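Inspection log for the structure reproduced underneath, given as structure tokens.
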Amino acid sequence: MDNVFRRYWTDAEEAKLFRTIRSRSSPAARRDAAWLWLLVKTGFRIGEFARLTAPDAAAALESRWLFVPAENRKKDSQGNAIDHQVPVTRPVEESLKDLLRILQLAGWNTKLADTPPIASREGAALSVR
């Protein structure tokens, strides 16, 4: 049986990656660090992450659960997807707060539904590619 906890990089490599990213002070570097940290700590697929909105992040900070609706999830071999919730741990909380702060600094009202997705650059949603 394959090890379900197989790692693609070592703890030292992960630490080096985040140390390098965090050594940059630009808003884009801070955003990228928060994106990567959130992906690593939640296990989100890129498509789930790409659809995450600021109101989703704010709701998660309140409820302590990050909700991913079935329509934002990958379908299984039978074509089904189910809703999913991820606990908001301390690292997830810090990433969500960082991402909301970055959107606010860019002039977005993060409480409004028309706020760009968390994974956006200058208001344009990122492609999963």
Side-chain angles (χ1 to χ4, degrees):
M1 175 179 230
D2 288 341
N3 181 356
V4 296
F5 296 109
R6 179 177 53 191
R7 300 283 308 243
Y8 292 94
W9 57 47
T10 66
D11 290 340
E13 290 168 332
E14 181 178 310
K16 183 177 179 182
L17 170 68
F18 284 104
R19 221 178 16 259
T20 301
I21 293 170
R22 288 195 171 119
S23 71
R24 310 304 192 267
S25 61
S26 72
R30 288 192 354 255
R31 178 205 59 212
D32 292 351
W35 284 351
L36 285 171
W37 193 251
L38 189 62
L39 286 165
V40 167
K41 296 303 175 184
T42 61
F44 275 174
R45 293 177 178 273
I46 195 69
E48 295 169 343
F49 173 70
R51 293 177 186 92
L52 182 65
T53 66
D56 295 337
L61 291 171
E62 283 187 33
S63 70
R64 309 301 300 164
W65 289 95
L66 186 51
F67 179 72
V68 183
E71 60 268 14
N72 292 354
R73 302 210 56 224
K74 183 176 178 179
K75 293 181 177 24
D76 63 18
S77 59
Q78 287 81 35
N80 302 313
I82 59 172
D83 292 342
H84 182 64
Q85 291 190 75
V86 176
V88 176
T89 61
R90 187 74 170 151
V92 171
E93 176 184 11
E94 290 306 315
S95 292
L96 292 173
K97 285 180 177 179
D98 285 347
L99 291 167
L100 289 174
R101 271 193 296 268
I102 290 164
L103 279 175
Q104 288 170 334
L105 288 172
W108 294 97
N109 182 341
T110 58
K111 292 179 175 56
L112 298 178
D114 66 347
T115 300
I118 290 286
S120 63
R121 285 198 176 126
E122 299 172 3
L126 292 182
S127 160
V128 296
R129 299 288 164 231

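Every value quoted in this text rests on a predicted model; they were computed, and no experiment measured them.
A distance of 7.5 Å separates NZ of Lys41 from OG1 of Thr89, quoted to the nearest 0.5 Å. A distance of 14.0 Å separates NZ in Lys97 from CD1 in Ile102, rounded to the nearest 0.5 Å.
For Phe18, the ring-ring contact (aromatic ring centres under 6.0 Å, His included) partners two or more places apart in sequence, or in a different chain, are Trp37. Residues forming a side chain to side chain contact (heavy atoms under 4.5 Å, CB included) with Leu39 (at least two apart in sequence, or on another chain): Phe44, Ile46, Phe49. Take Ser63 and apply the side chain to side chain contact (heavy atoms under 4.5 Å, CB included) test, not counting sequence neighbours, and it matches Trp65. By the side chain to side chain contact (heavy atoms under 4.5 Å, CB included) test, Glu62 pairs with no residue at all, sequence neighbours left out. Listed by chain and residue number, nothing satisfies the salt bridge (Lys or Arg N to Asp or Glu O under 4.0 Å) test with Asp56 (two or more places apart in sequence, or in another chain). Applying the side-chain hydrogen bond (donor to acceptor under 3.5 Å, both in side chains) test to Lys16 and every residue at least two apart in sequence or in another chain returns nothing.
Linking ILVMFWY residues whenever their side-chain heavy atoms come closer than 4.5 Å, directly or via other members, places Leu99 and Leu103 in the same cluster.
Applying the side chain to side chain contact (heavy atoms under 4.5 Å, CB included) test between Leu52 and each of Leu66, Val68, Thr42 identifies Leu66 as the sole match. Looking at Val40, Leu38, Leu61 one by one, the single match for side chain to side chain contact (heavy atoms under 4.5 Å, CB included) with Val92 turns out to be Leu38.
Within a 6.0 Å sphere centred on CZ of Arg45, other residues, nucleotides and ligands contribute 12 heavy atoms or fewer.
Minimum heavy-atom separation, Arg51 to Gly47: NH1-O, 2.8 Å.
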